[in-house]
Amino acid sequence: MAAESNRSDVATPRAVLTGTGIAIPPVKVTNSQLASVMETDDDWIQERTGIVTRYYVEPGTGSAELGAQAAKAALLSAGIGAEEIDYIILATMTPDHYFPGSGTLLQEKLGIGPRPALDIRQQCAGFVYGLQMVDALIKSRIARKVLLVGADVHSSLIPFSKASWDLVLGLTQERLSAEELEWNNRFRHLVVLFGDGAGAMIFEATFEQNGKGILGSIVCGDGSQKDILFVPGAGSLNRPWVDEEMIRSGKTVPQMDGRRVFKLAVKMMPEVTRQLLEQCGYGLEDLDLLIMHQANLRINEAARKALHLPLGKVHNNISRYGNTTSATLPICFHEAVQAGKAAAGSLVAFTALGAGLHWGSVLIRI
């Protein structure tokens, strides 16, 4: 087993994971339910994505509320009160409002006083970036107990009319018009992928020399790849920020080049994970568990094979939840622990790739 580079540095605290929690919203939606408003079916979706179900919030629930639910569960797991948290990081691409960010809204919902509350926007790689920030905050002694939350409400981005939503949710049996069906079909490759969810982790500073904590990280960003997944409308590049034409033409809905995303994810997630393990003095044989962003089961299977990892060293749950963006890593890890795949002392790598382009990997001994 490799020796960690800072094990002998007693003056530098390490960020140790002490609690996890998740929040899954109440509205379960199957592939067949989505097929009621688009030309698709359960077999088509499962074959291409591995997704069977996803969950949506009730209207009026935003990422701050969902994140607060996960945070409360993580605090309970860690055995500490919310007032002990001295720094909050919230990763989300679906904030409650354009501004302010949802970090302070989460702080208010936890019933605690003013403290640093930071929103970060790295989309599907948001939680990986957040883990690196936790490490930096604790090592620099800026914070001793950090709450990291990933929360996204993708149902807010789905461009369905009320009639489509009513049909999906079984509130009506009335068939859609040809025009509305055509509109929904335009976005089916995106709609079937995403769900709502939140996950949270508590990290605390420790000087104990037991090898536990965040060991290292590598994160990257490359704007030259921005066009593979982005929203062309609704932003400061436009004047006004948003208008009726943008909405009518679908420019406020994400656009994705699925083939390029697939190729880059299959290449970059294994690549950055290998680099990180080497940087920390480990090999793939030392890794106990790999948690990958849950965007597509085919991507994760290809990445696992590229790393020559056995099935038992990877955990996937995309079949139940779909892509919850910044929440996929904490939800997946929480369930892997429950499944007995990450006992105390395990070496765990977290890796993700998302719009930006952003990608990275973080190594933790739990």
Side-chain angles (χ1 to χ4, degrees), residues 27 29 33-40 45 49 54 56-64 92-102 105 119-126 151-169 171-172 174-196 221-262 264 295 322-326 354-358:
V27 183
V29 175
Q33 286 172 268
L34 289 179
S36 67
V37 297
M38 298 180 291
E39 292 177 357
T40 187
I45 296 171
T49 70
R54 73 284 294 146
Y56 298 146
V57 300
E58 297 280 7
T61 300
S63 57
T92 183
M93 61 165 281
T94 53
D96 291 29
H97 308 283
Y98 158 53
F99 72 86
S102 291
L105 306 185
D119 283 50
I120 59 174
R121 279 285 312 272
Q122 278 70 41
Q123 293 66 250
C124 294
D152 272 298
V153 176
H154 284 293
S155 54
S156 64
L157 293 175
I158 296 176
F160 285 168
S161 68
K162 184 179 184 303
S164 288
W165 274 117
D166 286 349
L167 193 52
V168 167
L169 300 177
L171 302 177
T172 180
E174 203 169 313
R175 296 182 63 181
L176 299 179
S177 67
E179 291 77 15
E180 189 158 355
L181 186 61
E182 181 181 0
W183 170 264
N184 292 347
N185 284 338
R186 179 178 169 185
F187 305 107
R188 63 181 176 179
H189 66 296
L190 290 167
V191 170
V192 300
L193 297 177
F194 294 99
D196 303 340
D222 181 6
S224 69
Q225 302 282 1
K226 64 182 180 298
D227 60 324
I228 70 170
L229 183 53
F230 77 115
V231 178
S236 62
L237 193 61
N238 306 290
R239 187 174 297 177
W241 184 281
V242 64
D243 58 26
E244 292 182 9
E245 190 279 329
M246 287 183 205
I247 297 172
R248 279 197 303 267
S249 63
K251 290 182 179 179
T252 58
V253 180
Q255 294 184 4
M256 179 178 70
D257 185 333
R259 290 184 179 180
R260 287 174 64 194
V261 170
F262 188 101
L264 287 168
N323 182 352
T324 56
T325 298
S326 61
L357 194 68
H358 296 101

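Remember, predicted model here, so these are calculated numbers, not experimental data. Values reported hereafter were calculated over all heavy atoms of this structure, with side chains retained and with hydrogens, waters and symmetry mates removed.
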Is any side-chain heavy atom of [Y] closer than 4.5 Å to one of [X]?
{"X": "Tyr56", "Y": "Trp165", "answer": "yes"}
{"X": "Asp222", "Y": "His358", "answer": "no"}
{"X": "Leu34", "Y": "Val191", "answer": "yes"}
{"X": "Thr324", "Y": "Asp196", "answer": "no"}
{"X": "Leu157", "Y": "Met93", "answer": "yes"}

Are any side-chain N or O atoms of [X] and backbone N or O atoms of [Y], one a donor and one an acceptor, separated by less than 3.5 Å?
{"X": "Arg54", "Y": "Val29", "answer": "yes"}
{"X": "Asn184", "Y": "Val37", "answer": "yes"}
{"X": "Trp183", "Y": "Pro159", "answer": "yes"}
{"X": "Gln123", "Y": "Gly354", "answer": "no"}

Side-chain donor-acceptor distances from residues 226-237 under 3.5 Å, at least two apart:
{"unit_1": "Asp227", "atom_1": "OD2", "unit_2": "Arg260", "atom_2": "NH1", "d": "3.2"}

>> Among residues at least two apart in sequence or on other chains, which ones pass side chain to side chain donor-acceptor pair (under 3.5 Å) with Glu245?
In response: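 Side chain to side chain donor-acceptor pair (under 3.5 Å) check on Glu245 returns Ser249.
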
>> Just to verify, what does Asp257 make a side chain to side chain donor-acceptor pair (under 3.5 Å) with, not counting sequence neighbours?
In response: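 Scan of Asp257 (side chain to side chain donor-acceptor pair (under 3.5 Å), adjacent residues dropped) gives none.
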
Can you sort out the partners of [X] under side chain to side chain contact (heavy atoms under 4.5 Å, CB included), two or more places apart, ordered by chain and number?
{"X": "Ser36", "answer": "Leu167, Val168"}
{"X": "Asp119", "answer": "Leu90, Thr92, Ser102"}
{"X": "Ser326", "answer": "Ala91, Asp152"}

Could you report the tightest heavy-atom contact between [X] and [Y], atom names first, then the distance?
{"X": "Gly101", "Y": "Leu105", "value": "O-CG, 3.7 Å"}
{"X": "Ser164", "Y": "Leu176", "value": "OG-CD1, 3.5 Å"}
{"X": "Ala163", "Y": "Thr172", "value": "O-CG2, 4.4 Å"}
{"X": "Thr40", "Y": "Arg188", "value": "N-NH1, 4.4 Å"}

> When you check the side-chain N and O atoms of His154 and Thr325, is any donor under 3.5 Å from an acceptor?
Replying inline: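 There is such a pair (donor and acceptor under 3.5 Å, judged by atom type) between the side chains of His154 and Thr325.
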
>> Under 4.0 Å between a side-chain nitrogen and a carboxylate oxygen: does that hold for Glu182 and Arg186?
In response: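 Looking at Glu182 and Arg186, the cut-off is not met.
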
> Could you walk me through whether Val153 and Thr61 pass the side-chain contact (heavy atoms from CB on, under 4.5 Å) check?
Replying inline: CA-CA 8 Å; Val153 176; Thr61 300; 5.7 Å; no

> Checking ring-ring contact (aromatic ring centres under 6.0 Å, His included) for the pair Tyr98/Trp241: CA distance, chi angles, key distance, verdict?
Replying inline: CA-CA 11 Å; Tyr98 158 53; Trp241 184 281; 4.7 Å; yes

